[in-house]
Q: 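I am attaching a structure below and will ask some questions about it afterwards.
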Amino acid sequence: MKQILEHLVPFPVDAESDSFTAALSSALVIARGYTDETPYWCTQNRRRCIHCSPCGERLLERHQLSFYHCLLTASTLAFGFDYPWDDSMEPHSLPGFTGGWRWDDGFVNGLARFAGFSYLRFDGTSAQDEVLSAMKSSLDSGFPTLLRLEKEMEWVLAAGCDADTVYVLDSKFYALPDQWYSTLRDAIVITGNTAPGMSYKELLERIAAALSYKEHTALEGVIMDTLGHVTAENAMDTAGMMCGINSVLIEARWHAGEAFAGAENLLCDIVTNKEIHSRLRDIFEARYTKEGNEETHGIGWKIWDAIGVGPKTGYNITRQSAELILQRDTQERLKRLFAKVFENDRIVCGEVRECIGQI
């Protein structure tokens with residue numbers, strides 16, 4: 001009998017670059033039984049949604065994005081300058097991630113403890129019947145499965161079946177080819193909802209460790225040195241390096257700021273001291289998202305502007321980027337902007353550490 005789970009949210013939604021976190025966010029919308037009627041807290045207006053703008057007609061997407069904010073923050077991916085599945089980066093700017101990393105068990109278990117869900121995990125060596133049985137059993141109970149197939153870095157969400165045909169979701173909803181199992185790399189079968197198992201203090205300790213990680217700190221010196229040695233031969237590569245780093249930080253810190261700005265989200269579910277959380281909300285907003293405040297998100301737009309990158313270039317560098325970065329004024333401007341990014345991280349880290357000491 002054909003079975004399709006309800007309340008599907010295609011992904012990515014808005015600025016979501018990590019396929020796993022986006023797939024898991026859409027999975028949690030289903031697993032937690034969210035509908036278009038589930039109240040949504042609007043961080044911009046600091047109130048529950050009253051459908052004052054078009055985004056209020058897409059509440060499931062708003063809920064999915066809220067999950068993404070919090071999951072990226074709890075995983076610490078919101079505090080790096082690269083994503084750990086990117087094998088072109090060595091070393092990574094976050095602790096606990098080495099070359100060739102592929103969503104290891106500790107990473108997934110940490111998110112399961114934070115978000116409150118149970119799961120089974122399989123890979124391509126698992127018996128096909130065993131995996132399909134687990135997937136169908138979870139579907140019967142209203143829970144989807146995350147799959148990683150031939151596209152090694154991309155995840156899809158199995159949210160339906162008809163006999164042996166499996167239906168999946170990413171940016172669209174479609175049936176997998178009959179031989180899909182031969183391409184299976186990873187399967188995370190959600191089996192239920194649980195109480196969160198990560199304390200607020202542990203969450204803050206993870207964030208502090210990420211923001212004070214030696215490679216995170218060292219990157220500032222690497223950026224300054226690179227900008228001090230731009231030549232005609234390396235200008236294009238240097239512009240690409242600056243654009244790549246910025247493309248992660250402008251998005252990632254925004255997610256962190258939004259996670260702490262929420263009043264009803266996954267992060268709030270584990271808050272034990274509202275006064276401390278309010279204090280951290282203010283510092284995350286001030287340093288990461290508050291417009292006109294030398295916040296990291298706004299600085300990211302200035303960095304893109306300095307190298308001629310924006311919507312018209314698809315947020316990619318062009319030959320003009322190389323020409324711009326050869327100019328001393330551009331180099332000095334970029335140094336000042338990146339220095340502020342690292343300063344914001346240090347200030348947030350210091351506040352987080354102070355709060356840890358008071359919990």
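Here the structure is a predicted model, which means the values were calculated and not measured.
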Q: Does Ser133 reach the side chain of Glu130, with side-chain heavy atoms less than 4.5 Å apart?
A: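 A side-chain contact is absent here, since even the closest heavy-atom pair is not under 4.5 Å.
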Q: Supply the atom-to-atom distance Arg333 CZ to Leu324 CG, rounded to the nearest 0.5 angstrom.
A: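 Here the rounded value is 9.5 Å.
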Q: Rounded to the nearest 0.5 Å, what separates atom SG in Cys49 from atom CD in Gln44?
A: 11.0 Å
Q: Under 3.5 Å, side chain of Asn293 to main-chain N/O of Ala286, donor-acceptor pair present?
A: yes
Q: Under 3.5 Å, side chain of Glu220 to main-chain N/O of Phe342, donor-acceptor pair present?
A: no
Q: Return yes if some donor-acceptor pair links the side-chain N/O of Glu251 with the main-chain N/O of Ser17 below 3.5 Å, else return no.
A: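 It does hold such a pair.
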Q: Evaluate the side-chain contact (heavy atoms from CB on, under 4.5 Å) criterion for residues Phe122 and Val189: first the C-alpha distance (whole Å), next the side-chain angles of each, then the deciding distance (0.1 Å), finally the verdict.
A: CA-CA 8 Å; Phe122 305 93; Val189 183; 3.8 Å; yes
Q: Is the shortest side-chain heavy-atom distance between Asn246 and Lys302 below 4.5 Å?
A: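 Heavy-atom side-chain distance check fails, nothing below 4.5 Å.
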Q: If you count heavy atoms of other groups shown closer than 6.0 angstrom to CG of Asp140, is the number above 12?
A: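 Enclosed: over 12 neighbouring heavy atoms sit under 6.0 Å from CG of Asp140.
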Q: Answer yes or no: is there a side-chain heavy-atom contact under 4.5 Å between Asn265 and Trp41?
A: no
Q: Report yes or no: do Ile299 and Trp301 belong to one cluster of Ile/Leu/Val/Met/Phe/Trp/Tyr joined by side chain heavy-atom distances under 4.5 Å?
A: yes
Q: Measuring centre to centre across the rings, with the benzene-like ring taken for any Trp, is His7 within less than 6.0 Å of Tyr34?
A: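 Between His7 and Tyr34, the centre distance exceeds or equals 6.0 Å.
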Q: With no hydrogens and no angle check, is any side-chain donor or acceptor of Gln64 less than 3.5 Å from a backbone partner on Ala22?
A: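 Looks like yes, one N/O pair under 3.5 Å.
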Q: Between Tyr315 and Trp304, what is the ring plane arrangement, given parallel below 30°, perpendicular above 60°, and tilted in between?
A: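 Tilted.
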Q: Answer yes when Glu351 and Arg287 have at least one side-chain N-carboxylate O distance shorter than 4.0 Å, and no when they do not.
A: no
Q: Are Ile347 and Leu249 connected, step by step, through hydrophobic side chains (Ile, Leu, Val, Met, Phe, Trp, Tyr) whose heavy atoms are closer than 4.5 Å?
A: no
Q: Please check if Leu267 and Phe284 belong to a single hydrophobic cluster, counting links between Ile, Leu, Val, Met, Phe, Trp and Tyr side chain heavy atoms closer than 4.5 Å.
A: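 Cluster IDs for Leu267 and Phe284 match.
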Q: Quick one: closest heavy-atom pair of Ala158 and Leu147, and the distance?
A: CB-CD1, 3.9 Å
Q: Under 6.0 Å between ring centres, would you say that holds for Trp85 and Phe20?
A: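 No.
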Q: Testing the basics here: between Val13 and Arg62, what is the closest heavy-atom pair and its distance to 0.1 Å?
A: CG1-NH2, 3.9 Å
Q: About how many Å separate CE of Met135 and CG of Leu139, when rounded to the nearest 0.5 Å?
A: 6.5 Å
Q: In sequence, state the C-alpha distance, the side-chain angles, and the governing distance for Val9 and Phe67, and then conclude on side-chain contact (heavy atoms from CB on, under 4.5 Å).
A: CA-CA 12 Å; Val9 183; Phe67 282 131; over 6 Å; no
Q: Side chains of Glu295 and Thr289: is there a donor and an acceptor less than 3.5 Å apart?
A: no
Q: Would Lys335 and Glu332 pass as an ion pair if we require N to O under 4.0 Å?
A: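 Yes, Lys335 and Glu332 are salt-bridged.
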Q: May I ask you to check whether over 12 heavy atoms, not counting those of Gln358, lie within 6.0 Å of atom CD?
A: yes
Q: Using the six-membered ring of Phe81, assess whether NZ or CZ of Arg253 lies under 6.0 Å from its centre and within 45 degrees of the ring axis.
A: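 Because its charged atom sits under 6.0 Å from the ring centre and within 45° of the axis, Arg253 does stack over Phe81.
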Q: Counting heavy atoms not belonging to Glu215, are there more than 12 under 6.0 Å from its CD?
A: yes
Q: Check the angle between the aromatic planes of Phe79 and Tyr288 and answer parallel, tilted or perpendicular using the 30° and 60° thresholds.
A: tilted
Q: So do Ile30 and Leu157 actually touch side chain to side chain, heavy atoms under 4.5 Å?
A: yes
Q: From Leu169 CG over to Ser26 OG, what is the distance, rounded to the nearest 0.5 angstrom?
A: 6.0 Å
Q: How close do Ala239 and Ile317 get, counting heavy atoms only, and between which atoms?
A: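 Between these two residues, the closest heavy atoms are O-CG2, 3.6 Å.
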Q: Less than 4.0 Å between a side-chain N and a carboxylate O, is that true for Asp14 and Arg58?
A: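 No.
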Q: Ignoring hydrogens and geometry, is there a side-chain-to-backbone donor-acceptor pair from Thr73 to His69 under 3.5 Å?
A: yes
Q: Are any side-chain N or O atoms of Ser126 and backbone N or O atoms of Val131, one a donor and one an acceptor, separated by less than 3.5 Å?
A: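 Between the backbone of Val131 and the side chain of Ser126 there is no qualifying donor-acceptor contact (under 3.5 Å).
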Q: Find out if a path of hydrophobic residues (ILVMFWY) with successive side-chain heavy-atom gaps under 4.5 Å connects Tyr68 to Phe11.
A: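 Hydrophobic grouping puts Tyr68 with Phe11.
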Q: What verdict does the side-chain contact (heavy atoms from CB on, under 4.5 Å) test give for Cys355 and Arg279, after you've listed the backbone C-alpha separation in whole Å, the side-chain angles of each residue and the deciding distance to 0.1 Å?
A: CA-CA 9 Å; Cys355 288; Arg279 175 177 164 186; 3.7 Å; yes
Q: Tell me if the NE2 atom of His51 is crowded by more than 12 foreign heavy atoms within 6.0 Å.
A: yes
Q: Can Glu154 and Ser19 be counted as having a side-chain donor-acceptor contact under 3.5 angstrom?
A: no
Q: So, applying side-chain contact (heavy atoms from CB on, under 4.5 Å) with Phe107, which one of Leu111, Asp105, Asn109 is it?
A: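 The option that passes is Leu111.
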Q: Run Val166 and Tyr181 through side-chain contact (heavy atoms from CB on, under 4.5 Å) and show every step you take.
A: CA-CA 10 Å; Val166 175; Tyr181 193 83; over 6 Å; no
Q: Taking Asp186's backbone N and O only, do any of them form a donor-acceptor pair with Arg121's side chain (distance below 3.5 Å, no angle check)?
A: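 Between the backbone of Asp186 and the side chain of Arg121 there is no qualifying donor-acceptor contact (under 3.5 Å).
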Q: Provide the closest heavy-atom pair for Trp254 versus Ala15 in the form atom of the first, atom of the second, distance.
A: CZ3-CB, 4.2 Å
Q: Nearest heavy-atom pair of Asp82 and Ser93: which atoms, and what distance?
A: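 So the minimum-distance heavy-atom pair works out to OD1-OG, 2.7 Å.
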Q: Checking Asn234 side chain against Thr231 main chain: does a donor-acceptor pair fall under 3.5 Å?
A: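 It does hold such a pair.
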Q: Regarding Asp87 and Arg102, does a basic nitrogen lie under 4.0 Å from an acidic carboxylate oxygen?
A: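 Yes, charged N to carboxylate O under 4.0 Å.
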Q: When you group the ILVMFWY residues by side-chain heavy-atom contacts below 4.5 Å and let the links chain together, are Ile245 and Met236 in the same group?
A: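 Yes: a chain of side-chain contacts under 4.5 Å links Met236 to Ile245.
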Q: Can you tell me if Asp282 has over 12 outside heavy atoms packed within less than 6.0 Å of its CG?
A: yes
Q: Would you indicate whether the side-chain heavy atoms of Met198 and Arg206 approach each other to under 4.5 Å?
A: yes
Q: To check you understand the geometry: which heavy-atom pair defines the closest contact between Val352 and Ala208, and what is its length?
A: CG1-CB, 4.1 Å
Q: Any non-hydrogen side-chain atom of Thr35 less than 4.5 Å from a side-chain atom of Glu6?
A: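 No - every pair of side-chain heavy atoms lies 4.5 Å or more apart.
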Q: Less than 4.0 angstrom from a charged side-chain N to a carboxylate O is my criterion; do Asp123 and Arg148 meet it?
A: no
Q: To the nearest 0.5 Å, what is the distance between CG on Leu71 and NE2 on His255?
A: 11.0 Å
Q: Could you tell me whether the side chain of His92 and the main chain of Pro84 form a donor-acceptor pair under 3.5 Å?
A: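 Judged by distance alone, yes, a pair lies under 3.5 Å.
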Q: So with a 6.0 Å cut-off around CZ of Arg185, is the heavy-atom count from everything else above 12?
A: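 Result for CZ/Arg185: enclosed.
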Q: Atom CZ in Phe260, atom OG1 in Thr43: separation rounded to 0.5 Å?
A: 14.0 Å
Q: Are side-chain N/O atoms of Arg32 and Thr38 paired as donor and acceptor at under 3.5 Å?
A: no
Q: Taking Ser25 for its side chain and Thr21 for its backbone only, find out whether a donor-acceptor pair lies under 3.5 Å.
A: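 Pair found, side chain donor or acceptor close to backbone of Thr21.
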Q: Measure the shortest side-chain to side-chain distance between Leu219 and Val222 over non-hydrogen atoms and say whether it is less than 4.5 angstrom.
A: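 Side-chain contact under 4.5 Å: yes.
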Q: Please tell me if the side chains of Ile190 and Leu146 come closer than 4.5 Å, counting only heavy atoms from C-beta onward.
A: yes
